[in-house]
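The block underneath contains the structure these notes are about, expressed in structure tokens.
A note on names: the letters A, B, ... follow the listed sequences, proteins ahead of strands, and every chain is numbered from 1. Atoms considered below: every heavy atom in the structure, side chains included; atoms not considered: hydrogens, waters and symmetry mates.
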Amino acid sequence: IITYNTLIDGLCKAGRVGEAIGLVAKMVKDGCSLNIITYNTLFNGLCKAGSIDEALELVAKMVQDGCSLDIITYSTLIDGLCKAGKINTAFSLANKMIKNGFSPNAVTYSSLIDGLCKVGKVEEALRLADKMKQDGHSPNYITYGILIHGFTQVGRMDLTFKLVAQMMHSRSVLDIVTYNSLISSFFKESRVREALILVAKMIKSGCHPDIFTYNSLIAHLCKVGKVDEAL
RNA sequence: UGGCUAAGUUGGUCA
């Protein structure tokens with residue numbers, strides 16, 4: 001079953017959900033029962049492929065099959081709903097999950113926070129992060145990265161800097177993804193100098209530029225005519 | 001005992 005699950009996840013991540021479902025059918029035919037991980041893997045694959053409705057239909061089947069939802073199931077579905085822009089449904093599901101005795105964890109909260117950010121409700125996202133703290137889950141570096149990205153996307157550099165300062169204060173370290181968000185937002189605001197300073201800082205802190213960093217650097221430097229620096 | 005599942009970042013193309 002672990003072998004099957006690994007293959008199913010591989011197919012899903014390669015965007016081949018149809019084949020993944022075929023493989024599940026074969027498992028069943030071979031008398032191999034599906035476990036929660038098999039289902040969760042499929043839910044994630046379906047959600048990423050934009051088939052939330054199919055994922056929700058499959059939940060019903062899973063329950064009939066005698067398998068109950070766990071925190072990963074809820075988090076996966078909540079994330080899928082958020083990414084589909086169905087924020088309200090995502091929050092309803094989060095409430096349902098609580099009613100069923102599960103408490104949202106940092107991942108669940110992060111998905112909801114990202115969902116709010118993506119529809120531009122960054123103040124609400126920030127409030128949810130506070131609620132998350134009160135609920136005993138400290139925002140982690142991913143949660144912070146989500147917020148920072150959300151803030152930069154709507155041009156709220158004030159909130160961005162405030163949060164970065166807060167992170168420094170709590171000795172949280174900026175990771176590569178967060179650096180990349182910040183760097184590309186500086187470029188988008190035509191703050192080329194600050195972007196480059198940040199790249200230098202990032203390197204000094206032991207964080208190595210990756211393909212995202214380079215793509216952003218090269219694209220923006222070329223755009224402002226600094227082809228030589230890009231090279 | 002362990003091994004499989006959930007969250008954030010860039011550029012391009014087309015509408």
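- The side chain of A/Asn40 sits closest to B/U5 out of B/G8, B/A7, B/U5.
- Summarising the geometry, the separation between OH on A/Tyr4 and C1' on B/U5 is reported as 18 Å, rounded to the nearest angstrom.
- B/C4 atom C1' lies 13 Å from atom CG of A/Leu23, rounded to whole Å.
- Contact of A/Asp175 with B/G8 (side chain to base): a donor-acceptor pair of N or O atoms is detected under 3.5 Å.
- Distances were taken from every side-chain heavy atom of A/Ile37 (C-beta onward) to each of B/U5, B/G8, B/A7; the shortest belongs to B/U5.
- In the set B/U9, B/A7, B/U5, B/U5 carries the atom at the smallest distance from any side-chain atom of A/Ile72.
- Closest contact between the side chain of A/Asn35 and the listed nucleotides B/A7, B/C4, B/G8 involves B/C4.
- Using a 4.0 Å heavy-atom cutoff across all strands shown, A/Lys13 reaches sugar-phosphate atoms only and no base atom.
- Using cut-offs of 30° and 60° on the angle between ring planes, the pair A/Tyr109 and A/His137 is tilted.
- Taking atom CG of residue A/Leu116 and atom P of nucleotide B/A7, one finds them 17 Å apart after rounding to whole Å.
- With hydrogens and angles left out, the side-chain atoms of A/Asp210 and A/Asn180 include a donor and acceptor closer than 3.5 Å.
- Atom CG in A/Asp9 sits roughly 6 Å away from atom C1' in B/U5 (whole-Å rounding).
- The separation between A/Tyr74 atom OH and B/A6 atom C1' is 14 Å, rounded to whole Å.
- Judged by centroid separation below 5.5 Å and plane tilt below 30°, A/Phe212 does not stack onto the base of B/U10.
- Residue A/Asn105 is in base contact, counting any heavy-atom pair closer than 4.0 Å across all strands shown.
- Residue A/Tyr141 is classed as a base contact, given a heavy-atom separation below 4.0 Å to a base.
- Closest contact between the side chain of A/Ile142 and the listed nucleotides B/A7, B/U10, B/G11 involves B/A7.
- For A/Lys83, counting side-chain heavy atoms from C-beta on, the closest listed nucleotide (B/A6, B/A7, B/C4) is B/A7.
- One can place OH of A/Tyr214 at 21 Å from P of B/U9, the figure rounded to the nearest angstrom.
- Following rounding to the nearest Å, A/Ile211 (CD1) and B/U10 (P) show an atom-to-atom distance of 13 Å.
- A/Thr76 comes within 4.0 angstrom of the backbone, heavy atoms only, and of no base.
- Which of B/G11, B/U9, B/G8 sits closest to the side chain of A/Ser181 comes down to B/U9.
- Using a 3.5 Å distance cut-off with no hydrogens or angles, the side chains of A/Tyr4 and A/Asp30 do pair a donor with an acceptor.
- Side-chain contact check for A/Val192 versus A/Phe187: some heavy-atom pair is nearer than 4.5 Å.
- Within the 4.0 angstrom heavy-atom criterion, no nucleotide atom of any strand lies near A/Asp210.
- Here B/C4 is the nucleotide among B/C4, B/A7, B/U5 with the atom lying nearest to any side-chain atom of A/Thr6.
- Within 4.0 Å of A/Ser216, counting heavy atoms only, lie sugar-phosphate atoms of the nucleic acid but no base atom.
- If you check B/U10, B/A7, B/G8 against the side chain of A/Lys118, the one that comes closest is B/G8.
- Residue-level contact check: A/Thr178 touches the bases, meaning some heavy atom is under 4.0 Å from a base atom.
- When the C1' atom of B/A7 is taken as reference, atom CG of A/Leu77 falls 14 Å away, rounded to whole Å.
- In this structure, A/Lys26 NZ and A/Glu19 CD are separated by 14.0 Å, a value rounded to the nearest 0.5 Å.
- A donor-acceptor contact closer than 3.5 angstrom links the side chains of A/Thr73 and A/Asp70.
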